Amino acid sequence: MGKDEAVAKLRGWFAGRLPEEWFEGGVEIVLDREEIAVVGRLRAPALDDDVSEVERSAAMEGGILRFREETRERRVEIALEAEQRFRRKVSWGVAVGDKTVMFTTLSVPVMTRLKQSERQVLDTLVAAGVARSRSDALAWCVRLVGNHTDTWLADLRDALQHVDRVRAAGPDVNS
């Protein structure tokens, strides 16, 4: 099963399990080897057009907190069921307007081998107080690259999805 098909299956499963009143439209599913991130769009608070941006932002934040508290118990039940069924941890988030907030996320240890010059980069970040440890420094570097290469990473993900589709359309070599 390709990644597109797996995401479609997950999106359908969650559509069947989530209460219809929780989100506007379907949920966004982000999938990797360890985690299923489920992000749903909340209705924006009904405010007058002349309210300040500060008030609008505070209303969105309040709505997000209300949703998080009111749905916690049910989200935990659904996540446990999904984790047993799909063998991955589930994390939750919401989007309101142009703001996305993740409630839970999974931090997964990743092992890597670095040359001395690469370790020195991490050690400089630690010595400068940018990070507490080499692990934190490496995570900081990954976030920095991700923030500055969104377009390139999006193109790469699109290309990988294309490879998955072509692979799925090819002959079954396991027969």
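Note that the structure is predicted; figures quoted are calculated from it, not measured.
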Please assess Asp48 against Val51 for the test side chain to side chain contact (heavy atoms under 4.5 Å, CB included), listing each intermediate value before the final yes or no. CA-CA 6 Å; Asp48 293 334; Val51 299; 4.2 Å; yes
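- Rounded to the nearest 0.5 Å, atoms CG (Leu122) and CH2 (Trp140) are 10.5 Å apart.
- The backbone N or O of Glu53 sits nowhere less than 3.5 Å from a side-chain atom of Ser57 that would complete a donor-acceptor pair.
- At least one donor-acceptor pair closer than 3.5 Å links the side chain of Glu83 to the backbone N or O of Val90.
- Considering CD of Glu70 and CZ of Arg75, their distance stands at 11.0 Å, rounded to 0.5 Å.
- Checked by atom type and distance alone, the side chain of Glu35 never pairs as donor or acceptor with a backbone atom of Asp32 at under 3.5 Å.
- Rounding to the nearest 0.5 angstrom, the gap separating the CD atom in Glu73 from the CD1 atom in Ile78 is 11.0 Å.
- Looking at Arg68, its side chain never comes within 3.5 Å of a backbone N or O of Gly93 through a donor-acceptor pair.
- In the hydrophobic clustering of ILVMFWY residues, with side-chain heavy atoms under 4.5 Å counting as a link, Leu18 and Phe86 come out together.
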Arg88/Leu31 under side chain to side chain contact (heavy atoms under 4.5 Å, CB included): CA gap, chis, key distance, verdict: CA-CA 9 Å; Arg88 290 181 171 97; Leu31 177 67; 3.5 Å; yes
Any chance you could lay out the side chain to side chain contact (heavy atoms under 4.5 Å, CB included) test for Val76 and Leu80, step after step, and finish with the verdict? CA-CA 6 Å; Val76 168; Leu80 290 172; 4.1 Å; yes
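- The neighbour count for Glu20 CD, taken as heavy atoms of other residues, nucleotides or ligands under 6.0 Å away, does not exceed 12.
- Between the side chain of Arg41 and the main chain of Glu24, no donor-acceptor pair closer than 3.5 Å is present.
- One hydrophobic cluster, built from ILVMFWY side chains closer than 4.5 Å, holds both Ile36 and Trp22.
- Separating the CG atom in Leu10 from the CZ atom in Arg17 is a distance of 14.0 Å, to the nearest 0.5 Å.
- Residues Ala95 and Thr100 share a closest heavy-atom pair of CB-OG1, 3.8 Å.
- Between Arg43 and Glu21 the shortest heavy-atom distance is NH2-O, 3.8 Å.
- Here the closest non-hydrogen pair linking Val96 and Pro45 is CG1-CD, 4.2 Å.
- Although no hydrogens or angles enter the test, the distance criterion places a donor-acceptor pair under 3.5 Å between the side chain of Thr104 and the main chain of Trp92.
- What you find for Leu106 and Lys89 is that their closest heavy atoms are CD2-CB, 3.7 Å.
- Considering every non-hydrogen atom in both Asp4 and Arg165, the closest pair reads OD2-NH1, 3.0 Å.
- In the hydrophobic cluster analysis, where Ile, Leu, Val, Met, Phe, Trp and Tyr join through side-chain heavy atoms closer than 4.5 angstrom, Leu125 is grouped together with Leu144.
- Remark: Asp49 CG is loosely packed, at most 12 non-hydrogen atoms of other residues, nucleotides or ligands lying under 6.0 Å away.
- A heavy-atom distance below 4.5 Å is found between the side chains of Ile29 and Val38.
- Distance check: Asp136 CG to Ser133 OG gives 3.5 Å after rounding to the nearest 0.5 Å.
- The backbone N or O of Gly26 lies less than 3.5 Å from no partner atom in the side chain of Arg11, so there is not a single donor-acceptor pair.
- Counting all heavy atoms, side chain and backbone alike, Phe23 lies closest to Val94 at CE2-CG1, 3.9 Å.
- Here the straight-line distance linking atom CZ of Arg56 with atom NZ of Lys99 works out to 13.5 Å at 0.5 Å rounding.
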Mind running side chain to side chain contact (heavy atoms under 4.5 Å, CB included) on Val30 and Ser91 for me, showing each step along the way? CA-CA 10 Å; Val30 181; Ser91 60; over 6 Å; no
